[in-house]
Amino acid sequence: MTKRISAFLTTERPATPCLVVDLAVVAENYRKLADALPEAGIYYAVKANPAPEILRLLAALGSAFDAASVPEIEMVLAEGGSPERISYGNTIKKKADIAAAHALGVQLFAFDSRAELEKIATAAPGAKVFCRILTSGEGAEWPLSRKFGCSPSTASRLLREAKALGLQPWGVSFHVGSQQRNPGQWKCAVGAAARIFRELAEDGIDLQMLNIGGGLPARYRRKVPSLPVYARVIRTAIRKHFGNRLPDVIVEPGRQMVGEAGIIETEVVLISRKSRSDDRRWVYLDIGRFGGLAETEAEAIQYPIRSRRKGRGEAVVLAGPTCDSADILYQKAEYRLPLDLQIGDRLQIRSAGAYTATYASVAFNGFQPLRCYCI
Ligand SMILES: *Cc1c(COP(=O)(O)O)cnc(C)c1O
C-alpha cells in the first residue's frame with residue numbers, strides 16, 4: 001500500500017467498500033512500460049478502469065487508448081484524448097456504433113470476421129482496419145478463450161478482402177490472455193502475425209501495425225516475471241520474425257497500468273463457524289463477487305488481502321455480503337487472517353485497481369456500485 005493511500009484511508013476514513021487509486025502509481029506504471037518498450041505506442045485499455053482522472057492523466061502523459069464502445073470513446077475524448085489516437089478494439093460492434101465512432105473521428109477499427117468487416121466498410125468507409133487472430137490463452141490467469149480472433153489463414157484472406165471493400169488493411173492484433181504469466185506466449189503470436197504480413201506483402205499489400213494486445217500482469221499473490229523480462233521476450237520475437245522490416249508496434253495494457261495502483265478497503269461484516277468442529281472460520285466482507293470482485297470467479301485472480309492486526313494467522317473462507325451462493329471469494333485457495341480479527345475491522349484488498357469498479361453490479365441486493373477515489 002502506498003503512503004498516499006494509507007494517509008487517505010486514515011484521514012478520510014471513507015465508507016466501505018471503496019477503491020482508492022494512487023495516480024502517482026499509474027504515472028509510474030506508464031513510464032515503466034514506455035521505458036521497457038520504447039518503440040511501442042501505448043494504447044491504454046479503457047475497460048480496466050475508466051475513471052476520468054486516470055484517462056486525463058494518461059492522455060496528458062501521451063497515451064493513446066483502446067476503447068470497446070462509443071461511451072468509452074466519449075469518455076476518452078472528454079478527458080483530453082484525441083480521436084486519431086483511439087483504437088476501437090472490440091471485434092463485436094453495432095453498425096450504428098461504428099458510424100458514431102467514425103463521426104467522432106476514430107479511424108482505427110478491429111475485426112475478426114467477414115460480417116464485421118462489411119459493417120465497417122459501410123459505416124466507416126476508408127477506415128484503417130486490423131484483424132485479430134486467435135491465441136491459445138494458455139498460461140493466462142484470466143484467459144480470453146475463443147470468443148475473439150480468427151485463424152491466421154482467415155485473417156490473411158479477410159485483410160485482402162478489406163482492401164477490395166475500400167478499407168485500409170492496417171495490421172494484425174492478438175491478445176495472449178489477461179494476467180499472462182508466461183512471456184513466451186507472445187513468441188508464437190508474433191510469429192503468426194509476421195507470416196500474415198509476409199503473405200500480404202506478396203500481394204502488394206503492406207501492413208503497418210502489429211498490435212501485441214494486453215496481458216501484461218499485475219502482481220497479485222502469485223509471482224510473475226518482471227516487466228523487463230516480458231519486454232525482452234517480445235522485442236526479441238519481433239526482431240526475429242520481422243527482421244529489418246519492423247512494423248509499428250502498439251501495446252494495450254490494462255491490468256499492468258492500473259492493477260497495482262488501487263486498493264479496496266472493505267469491512268468485516270461477520271465471522272462464523274459452521275459447526276464447533278469446523279476448522280475454518282467464514283469471514284464475510286462488505287464486498288464480494290457482485291461488488292467488484294468478479295475476477296475471483298473460479299478463484300482465478302487471487303488478490304493479496306491484509307489486516308492491520310498482527311495476531312497469528314488462521315485459514316479462512318472469504319465470502320461476500322449478498323444472498324447469492326456464488327458470492328464466495330476464496331474457498332479452495334488458502335487465505336489466512338489473524339485469529340484476533342473482529343467484526344467491524346477493515347481489511348485491504350491489494351492490487352485491485354483493474355477490473356473492479358466497473359465490474360460492480362448496479363444494485364444487486366441493494367448494494368451500491370463500488371466507489372472509486374483517485375488521489
Ligand atoms: C481487455 C483488453 C486489453 C487489456 O488487457 P489486460 O490483460 O488487462 O492488459 C487489451 N486489448 C483488448 C482488445 C482488450 O479487450
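Both counts, for ligands and for their atoms, begin at 1 and track the order of listing.
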Exercise. Strictly under 4.0 Å, does any heavy atom of Arg132 approach an atom of ligand 1?
Worked result: yes
Problem set entry | Glu199 versus Ser156, side-chain donor and acceptor atoms under 3.5 Å | yes
Seminar exercise, completed: So for Ser178 against ligand 1, with non-hydrogen atoms under 4.0 Å, the contacting part is both
Exercise. Contact between Ala48 and ligand 1, counting heavy atoms under 4.0 Å?
Worked result: no
Exercise. Do Asp286 and Thr266 have side-chain atoms, one donor and one acceptor, less than 3.5 Å apart?
Worked result: yes
Exercise. Residues sharing Val20's hydrophobic cluster, by side-chain heavy-atom contacts under 4.5 Å among ILVMFWY, directly or via others?
Worked result: Met1, Ile5, Phe8, Leu9, Ile263, Tyr373, Ile375
For this session: Answer yes or no: does an N/O atom from Gly215 fall short of 3.5 Å to an N/O atom of ligand 1?
Result: yes
Exercise. Which of the atoms in ligand 1, numbered in the order shown and given with their element, are less than 4.0 Å from a heavy-atom of Ala45?
Worked result: 3 (C), 4 (C), 10 (C)
Problem set entry | Where ligand 1 meets Gly254 - atom numbers and elements under 4.0 angstrom, heavy-atom basis | 4 (C), 6 (P), 8 (O), 9 (O)
Problem set entry | Non-hydrogen side-chain atoms of Phe111 and Ile120 separated by less than 4.5 Å | yes
Problem set entry | Thr91, Ile92, Asp112 screened by side chain to side chain contact (heavy atoms under 4.5 Å, CB included) with Lys147, the one that passes | Ile92
Exercise. Applying a strict 4.0 Å limit to heavy atoms, is Gln256 in contact with ligand 1?
Worked result: no
Problem set entry | Residue portion contacting ligand 1 (non-hydrogen atoms closer than 4.0 Å) for Asp66 | side chain
For this session: Could you verify whether a donor N or O on one side chain and an acceptor N or O on the other, from Arg255 and Ser178, lie under 3.5 Å apart?
Result: yes
For this session: Give the residue, atom name and distance (to 0.1 Å) of the protein heavy atom nearest atom 2 (C) of ligand 1.
Result: Lys47 NZ, 2.3 Å
Seminar exercise, completed: Going by the 4.0 angstrom heavy-atom rule, the piece of Gln180 near ligand 1 is neither
Problem set entry | Contact partition for Tyr355 relative to ligand 1, non-hydrogen atoms under 4.0 Å | side chain
Exercise. Counting each atom of ligand 1 from 1 as listed, which ones have a heavy atom of Glu252 under 4.0 Å away?
Worked result: 3 (C), 4 (C), 9 (O), 10 (C), 11 (N), 12 (C), 13 (C)
Problem set entry | Inter-residue atom distance Leu210.CG - His241.NE2, 0.5 Å rounding | 10.5 Å
Problem set entry | Tyr359: partners by ring pair (Phe, Tyr, Trp, His ring centres under 6.0 Å), with sequence neighbours left out | none
Seminar exercise, completed: The protein heavy atom nearest to atom 5 (O) of ligand 1 is His175 NE2, 2.9 Å
Exercise. Does the side chain of Leu104 come within less than 4.5 Å of Glu74's, by heavy atoms?
Worked result: yes
Seminar exercise, completed: Near Arg255 (heavy-atom distance under 4.0 Å), the atoms of ligand 1 are 6 (P), 8 (O), 9 (O)
